[in-house]
Chemist: 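First the structure, which I've put down as structure tokens, then a few questions once you've had a look.
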Amino acid sequence: MPARSVYLETFGCQMNELDSELVAGQLRALGYRFVAEPDNADVILYNTCSVREHAEQKVWSRLGLDRLRKQREPHVVVGVLGCMAERDGEDLIKRMPVVDILCGPGELDKLPALLDNAVRTRDSLLADEVGGNTEGAQQAEGSGEEREREGNSDSRTRSGAGASAPTSSSSSSSSSSALSMSPLLPSASSVTSVFPPDVLRAAAGTSARQVALQGNTSRRSGTLAAAQDTLELLDLSRAVSPAAGHNGSAYVRITRGCNKFCTYCVVPFTRGAEVHRPPDHIVDECRRLADAGVIEITLLGQTVNHYRFEHGAAVTVNGIIQPQKGRSYSGAGGHRADPYRGAGVTTFADLLARIHDEVPAIRRLRFVTSYPRDFGDDVLQVIRDHPRICRYLHVPAQSGSNAQLKAMNRGYTVEEYLEFLDRARAFLHQPDAAGGGRPLAVAGDIIVGFPGETEEDFAATARLLERARYKNCFIFKYSPRPGTVAYDKLPDDVPEAVKRRRNNELLALQQRISAEVGAEYVGMTLEVFIEGLSRREEKRAARDRPAAGAPALRAGSGAVGLTIGGRPLGAPETLHEVPSACAMPPLSEDEAPTPDTPARGVQLSARTDGDLIVHIDLPPEAAARAESLVGRIARCRITESRQLSLVGSLVD
């Protein structure tokens, strides 16, 4: 029998993308196979985000479609993972009984058990509805001729009202003969042919109700030593191999959770307290990725520069050093170095230097996202003195108004934020460095229309953009998020039309600034990381293929890439959209020039040290090299700055 097929779609931040990669590796190791379309999957998983309302609406829309499908194929298992599951909890299942699995971001190591239980429970539901476990088992085990005769009935009916479902796997053993167990599955047609329409209706409206949520348990202790952290095993068991389809770039988590409690943000409630991984685990993971051919690593954390591991407080459980809960910075901030640095402590600056020095095969080391108040000179010095650490900082400001920053509980003033940018540029901005420019590129985040924002506040934010000179800035209209302080205590008093106007004005302003920043790069010769085909080239390749619209394959992997926000991972589209890894469709035979078809060039998408997108046009005679260049670093002379990207040519 074929292995169960899984469709995994990811919404939200880079941390979610990494979580999805780790989950996929875990399930593949257990025999599951991944598909690019949900209609071809027996298991549908959504790794969700609660930061933006738009991402949540996409998930609700997907679940509505799954509900319709489940009326025909009630054996299908649907799971909601990540922040949306953690925040909404079992209320999500009450609203959408189509959901069988809820798994918060702090419990993803439990997903295989949840999935197995959900499969068994769905089998049990079908068997119970057909008139008892024994009778259901007998029907499911009928001969092929019996199934063919029974398959004449029409099972495509609408779902009835949801009923209560088993809440654990205790009832799963009785259903073992009704359908084959995870990860193997008979065909969908045999499932629908075995069971009559009334059975399908009842089973489709019932959730398997497999739930693993962190709740508030992560904040029960303020001690440095976290309790036994089984989630760390998910990172430690990461599947790493040259055939993993990484295209030379990978994420590595160093912290998770957040202690800041910004009033608009749900992350501290969904991902829990700030937790820091042991440095040896991080360095070893980087080394294994390098051995598998990765040359660029992005370190991830909600407040990545808060990383700190105090070795004197380390706890070992079953031979594994456990992550630690983060200790809050003391004082009012503005530290020039980690206040707890010293012997027996690995600070963020120490970790960067250690990865750089101990894993020389990593040619680019970057990190996101940084918190401005506690970014010390010790980190800036390490970046300056270690040439393979990228000159790129993503440091959200969120507003240019001190009144708004206070309402957001950001913990710093506009003046402190700008002082940090000045310090960072003094250390790192070297556009005329010998052997090639090393300019510092800065990106930011801004929220417009936050409760209480006046026209004066908005004008102050516009002035901040002019002063900050971001290479790009992610600008969003405020949307109240359930579970946040702002949702409960601050009225959403800025009219939608005003939010939309302010948002558009800031976008136009930032577009001009981005173009001006990009123009400064013209004439520079920089090292760029070649990620794959440009978006334009991918569209052209898809049009030319016989199977137009087929999902892109990661170069050399032969495996379907993970789906991010509804499409397979692909090349960055603009200067403002910078996914971590890109998929390059292998050149098919019908794309290769023949005596009857003219040769054509290929456009590649690359990224500078400072995270700007560069499009490189290879002439027809060099197009055959395109695939071999993906995942490599090359020297590139910037020849043109366009509205959303740079243009360059390779320098031999």
Side-chain angles (χ1 to χ4, degrees), residues 247-249 295-296 298 363-364 366 368 387-394 425 428-433 435-444 465 468-475 507-540 570-584 601-619 622-623 625-626 629-652:
N247 271 359
S249 182
I295 63 172
E296 179 189 64
T298 302
R363 296 185 59 190
R364 274 193 175 178
R366 58 175 77 242
V368 291
R388 298 194 312 279
I389 302 178
C390 293
R391 304 286 178 98
Y392 169 69
L393 299 174
H394 178 211
R425 288 186 166 122
L428 302 177
H429 189 58
Q430 298 175 309
D432 302 319
R438 295 296 307 276
L440 172 66
V442 180
L465 259 62
R469 308 295 293 171
Y470 297 125
K471 67 99 176 173
N472 73 284
C473 185
F474 301 95
I475 300 169
L507 287 172
L509 173 59
Q510 181 57 50
Q511 191 173 66
R512 173 178 63 78
I513 294 170
S514 294
E516 292 170 357
V517 171
E520 297 171 3
Y521 284 75
V522 175
M524 292 186 185
T525 298
L526 307 171
E527 287 192 336
V528 298
F529 179 81
I530 300 176
E531 296 182 309
L533 295 179
S534 70
R535 187 71 175 150
R536 185 195 77 183
E537 197 70 31
E538 281 190 330
K539 290 178 179 178
R540 184 172 72 171
E573 197 163 358
T574 70
L575 189 69
H576 307 290
E577 180 187 353
V578 191
S580 68
C582 294
M584 177 177 174
V602 173
Q603 187 180 79
L604 297 176
S605 181
R607 212 158 24 111
T608 70
D609 171 282
D611 216 43
L612 283 83
I613 299 304
V614 182
H615 290 141
I616 301 170
D617 289 304
L618 296 182
R625 298 174 53 206
L629 290 171
V630 174
R632 297 188 179 185
I633 291 176
R635 287 178 62 77
C636 176
R637 181 169 179 79
I638 306 302
T639 58
E640 184 181 349
S641 173
R642 294 179 180 168
Q643 190 174 40
L644 299 175
S645 64
L646 304 175
V647 178
S649 58
L650 295 180
V651 177
D652 294 328

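Treat the numbers as computed from the prediction; the structure is a model and nothing was measured.
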Chemist: To check you understand the geometry: which heavy-atom pair defines the closest contact between Ser641 and Gly518, and what is its length?
Modeler: OG-C, 3.3 Å

Chemist: For Tyr470, check side chain to side chain donor-acceptor pair (under 3.5 Å) against everything at least two apart and list the hits.
Modeler: Tyr417

Chemist: Quick one: does any side-chain atom of Gln603 pair with a main-chain N or O of Glu537 as donor and acceptor, under 3.5 Å?
Modeler: no

Chemist: Does the side chain of Ile616 reach to within under 4.5 Å of the side chain of Leu629, using non-hydrogen atoms?
Modeler: no

Chemist: Holding to salt bridge (charged side-chain N to carboxylate O under 4.0 Å, His left out), I want the full list of residues that pass it with Arg536, two or more places apart in sequence or in another chain.
Modeler: Asp617

Chemist: Specify the closest pair of heavy atoms between Arg438 and Pro387, including all atoms of both residues, with the distance to one decimal.
Modeler: NH1-O, 3.3 Å

Chemist: State, to 0.1 Å, how close Gly532 and Val630 come at their nearest heavy-atom pair, and which atoms those are.
Modeler: CA-CG2, 3.8 Å

Chemist: Are the side chain of Arg363 and the backbone of Ile295 linked by a donor-acceptor contact shorter than 3.5 Å?
Modeler: no

Chemist: How far does CD1 of Ile389 sit from CZ of Arg391, to the nearest 0.5 angstrom?
Modeler: 9.5 Å

Chemist: Give a yes or no on whether the backbone of Glu531 and the side-chain of Ser605 come within a donor-acceptor separation of less than 3.5 Å.
Modeler: no

Chemist: Report the distance from atom NE2 of His615 to atom OG1 of Thr639, rounding to the nearest 0.5 Å.
Modeler: 12.5 Å

Chemist: Please report the shortest heavy-atom distance between Tyr392 and Gly610, naming the atom on each side.
Modeler: CD1-O, 3.3 Å

Chemist: What residues, two or more places apart in sequence or in another chain, satisfy side chain to side chain donor-acceptor pair (under 3.5 Å) together with Arg366?
Modeler: Glu296, Asp611

Chemist: Enter the distance from Arg364:CZ to Thr608:OG1 here, rounded to the nearest 0.5 Å.
Modeler: 6.5 Å

Chemist: Using only atom types and a distance under 3.5 Å, with no angle test, would you say the side chain of Ser514 pairs donor to acceptor with the backbone of Lys471?
Modeler: yes

Chemist: Taking all atoms of both residues into account, what is the closest heavy-atom pair of Val614 and Cys636, and its distance?
Modeler: CG1-SG, 4.0 Å

Chemist: Tell me if a side-chain donor or acceptor on Asn472 pairs with a main-chain N or O of Ala443 at a distance below 3.5 Å.
Modeler: no

Chemist: Go through the structure and list residues passing side-chain contact (heavy atoms from CB on, under 4.5 Å) with Ala634, not counting sequence neighbours.
Modeler: Ile530, Leu650

Chemist: Just to verify, what does Glu516 make a salt bridge (charged side-chain N to carboxylate O under 4.0 Å, His left out) with, not counting sequence neighbours?
Modeler: Arg469, Arg512

Chemist: Are any of the side-chain heavy atoms of Leu533 and Leu604 separated by less than 4.5 Å?
Modeler: yes

Chemist: Give me the atom names and distance for the closest heavy-atom approach of Leu526 to Ile638.
Modeler: CD1-CG1, 4.1 Å

Chemist: By side chain to side chain donor-acceptor pair (under 3.5 Å), which residues pair with His429, not counting sequence neighbours?
Modeler: none

Chemist: What I'd like to find out is whether the side chain of Asp609 reaches to under 4.5 Å of the side chain of Glu527, using heavy atoms alone.
Modeler: no

